[in-house]
Amino acid sequence: MVVVISWNVNGFRSVLKKGFLEWVKSFQPDILCLQETKLKPQDIKEEGIQLPEGYLHYWAFAKKPGYSGTAFFSKKEPKAIIPVNDPVFADEGRVQIADFDKFILVNSYWPNSQDERARLPYKLEFIDKLLEVLNKFVKNEKRNVLVCGDFNIAHTEIDLARPKENENHAGFYIEEREALTKFFNAGYVDTFRLFCKEGGHYTWWSYRTKARERNIGWRIDYHVVNKAFVKNVKRSWILSDVY
DNA sequence: TCGCCAACACT
DNA sequence: CTGCGTGCGC
DNA sequence: AGTGTTGCCCAGCGCACGCAG
C-alpha cells in the first residue's frame, strides 16, 4: 500500500514554522506532493531550509522569486524523473513527473484563472497540454498515472459551498469547469468522488470571516487516476485536521 | 472571496 | 543583519 | 409580499524588495 498526500502549503517556510516536519514524522506518507512552495533554488542549495528525515526530495521552481513552485518527497527513489520542459509547465514550476514503476506520478499546481478571466487562456492551454502528456503515458505506453495537486477549480455545484454566488469568480468559471469535465471524460477519474458523493467536503477556505470554522469552502485539490488504475485505489480522503 | 445590502425581475 | 513598509498574488 | 438574481465590495497571509538604523 502506498499513501500519496497532496498539500498546497502556501509557503514552505511558513509551514516549517507551523509543525510541518513533526506532521510528516508522525504521518509518514510514502509520497508527499507539495504546491506553492514559494522557494528559490538557492533556498535548498544553501541548506537554510529544513527537510523531513527519511525522504528524497525533488523540486520545481518558478522563474519569479517567491511565487508558485512544487516539490515532492518520497521514501523510495523513483525509477526516473521525467523532465518537464514545456514553458507552460516549467516557467512557473507547476508540474513534476516521476516514474514510480507501478505508476507515473504527476504533481501539479494548476494556474489561477484570476479576476476578469485574465489567465483563463493560459489555464486552458495548461490543461490541454497536461492531457496530451497524460494520454501519451496512458494510451501510447499503457502506463498508469496518478495526477494530484491543486487544480484551482471546483468542478460542480457540490464542490463548493456557494455555487450561485461564485459563478463569475476564478475557480468556478464555466470554462474551467467544462475543461475539467473534458479532462475527466478523457478517461481520468476524480478518486475522491469514488468514495464520497456528498457535498460539504472542501480543501480550501477563504481567510475571510472565519470561513473554515463554518466550512464555507471549495474542493479544488484532487487525486486523479486513469480508469484502468481505479481498481488499485483503496481510499481517497481529505485530511481536514491539517492546517 | 464572503456577507450584506440595494436594485431589480418574476410571480 | 534586522525590522518595517509596500507591492503582488492568491 | 415573497423569492431569487445581480452588482458591489470586502481579509488576511506569505514572500520579495527597498530602505532605515
Side-chain angles (χ1 to χ4, degrees), chain A residues 6-21 23 33-51 59-71 87-95 107-127 148-177 179-180 199-222 238 240-243:
Chain A
S6 173
W7 186 355
N8 180 324
V9 291
N10 186 27
F12 190 73
R13 259 185 287 266
S14 168
V15 290
L16 278 180
K17 291 182 224 158
K18 297 176 191 167
F20 173 82
L21 296 172
W23 178 84
C33 296
L34 307 183
Q35 303 88 34
E36 278 203 272
T37 53
K38 299 189 176 186
L39 294 181
K40 307 177 289 299
Q42 57 265 37
D43 294 329
I44 313 301
K45 286 188 212 137
E46 290 167 7
E47 213 58 47
I49 294 285
Q50 289 176 280
L51 298 173
W59 304 84
F61 302 99
K63 290 180 173 174
K64 184 196 278 201
Y67 177 70
S68 184
T70 50
V88 166
F89 303 136
D91 283 2
E92 298 183 349
R94 292 185 176 275
V95 174
N107 180 26
S108 57
Y109 174 43
W110 298 23
N112 186 302
S113 295
Q114 298 186 341
D115 282 355
E116 310 291 328
R117 293 172 161 77
R119 295 198 89 191
L120 181 64
Y122 169 56
K123 184 171 195 168
L124 296 178
E125 184 189 1
F126 177 101
I127 297 170
C148 69
D150 179 351
F151 290 14
N152 264 313
I153 304 170
H155 186 217
T156 72
E157 288 80 1
I158 64 166
D159 294 311
L160 72 169
R162 301 275 181 270
K164 273 281 167 281
E165 294 86 333
N166 284 298
E167 271 171 5
N168 208 25
H169 284 116
F172 203 56
Y173 292 135
I174 188 64
E175 296 94 331
E176 51 192 325
R177 296 174 56 198
L180 191 50
H201 298 89
Y202 308 125
T203 63
W204 181 87
W205 302 263
S206 169
Y207 281 117
R208 283 185 201 199
T209 61
K210 295 174 177 157
R212 184 157 187 179
E213 286 176 21
R214 295 172 304 123
N215 201 31
I216 310 297
W218 301 46
R219 191 174 71 95
I220 59 173
D221 300 82
Y222 297 80
I238 295 166
S240 43
D241 57 342
V242 177
Y243 288 76

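Proteins get letters first, then strands, A, B, ... in listed order; numbering begins at 1 in each.
One finds no salt bridge joining A:E157 and A:R162 here, because no Lys/Arg side-chain nitrogen approaches an Asp/Glu carboxylate oxygen to under 4.0 Å. A salt bridge links A:E175 and A:R117; the closest N-O separation between the charged side-chain nitrogens and carboxylate oxygens is under 4.0 Å.
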Set out, in order, the CA-CA distance, both residues' side-chain angles and the distance that settles side-chain contact (heavy atoms from CB on, under 4.5 Å) for A:F20 and A:F12, then state yes or no. CA-CA 9 Å; A:F20 173 82; A:F12 190 73; 3.6 Å; yes
Quick one: do A:E92 and A:K63 satisfy salt bridge (charged side-chain N to carboxylate O under 4.0 Å, His left out)? Show the steps, please. CA-CA 6 Å; A:E92 298 183 349; A:K63 290 180 173 174; over 6 Å; no
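Between the CG atom of A:N8 and the P atom of C:dC10 there is a distance of 11 Å, rounded to whole Å. The distance from atom NZ of A:K164 to atom C1' of D:dT6 is 12 Å, rounded to the nearest whole Å. Across the protein-nucleic acid pair, A:E213 atom CD and D:dG12 atom P stand 13 Å apart, rounded to whole Å. When rounded to the nearest whole Å, the span between CZ of A:R162 and P of D:dG4 equals 14 Å. In this structure, A:D150 atom CG and C:dC10 atom C1' are separated by 10 Å, rounded to whole Å. Distance, A:R214 CZ to B:dC4 C1': 12 Å, rounded to whole Å. Per the geometry, OH belonging to A:Y207 stands 16 Å off P belonging to D:dA11, to the nearest Å. Atom pair A:F151:CZ and C:dC10:C1' shows a separation of 18 Å (rounding to whole Å applied).
Residue contacts shown for A:K18 are limited to sugar-phosphate atoms, with no base heavy atom under 4.0 Å away. At the heavy-atom level, A:W218 lies under 4.0 Å from the strands shown only through sugar-phosphate atoms.
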With the criterion being N/O to N/O and under 3.5 Å, what pairs connect the protein with nucleotides 3-9 of chain C, and how long is each?
from: C:dG9; atom 1: OP1; to: A:K64; atom 2: NZ; distance (Å): 3.3

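In this structure, the separation between CH2 on A:W218 and CG on A:D159 is 10.5 Å, given to the nearest 0.5 Å.
Spacing between C:dC10 and D:dC9 at atom P, rounded to whole Å, works out to 22 Å.
The salt bridge (Lys or Arg N to Asp or Glu O under 4.0 Å) pairs that include a residue from residues 9-19 of chain A are A:R13-A:D43, where partners are two or more places apart or lie in different chains.
For A:S108, the side-chain hydrogen bond (donor to acceptor under 3.5 Å, both in side chains) test picks out A:W110, with sequence neighbours left out. With sequence neighbours excluded, no residue forms a side-chain hydrogen bond (donor to acceptor under 3.5 Å, both in side chains) with A:H201.
Ring orientation note: the planes of A:Y122 and A:F126 are nearly perpendicular, at an angle over 60° on the 30°/60° scale.
When the side-chain nitrogen and oxygen atoms of A:R13 are compared with OP1 and OP2 of D:dA16, one or more of them lie within a distance under 4.0 Å. Phosphate contact (OP1/OP2 of D:dG14, side-chain N/O of A:S14, threshold under 4.0 Å): present.
Annotation for A:E165: atom CD counts as buried by contact number, over 12 foreign heavy atoms lying within 6.0 Å.
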Writing each nucleotide of DNA chain C 5' to 3' as (, ), [, ], | or . by Watson-Crick or G-U pairing under 3.5 Å yields ||||||||||
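Within residues 166-176 of chain A, the residues approached by DNA chain B to less than 4.0 Å at the level of any non-hydrogen atom are A:N166, A:A170, in residue-number order.
The backbone N or O of A:G199 lies less than 3.5 Å from no partner atom in the side chain of A:Y202, so there is not a single donor-acceptor pair. Put simply, the side chain of A:N215 gets close to the backbone of A:G200: a donor and an acceptor are under 3.5 Å apart.
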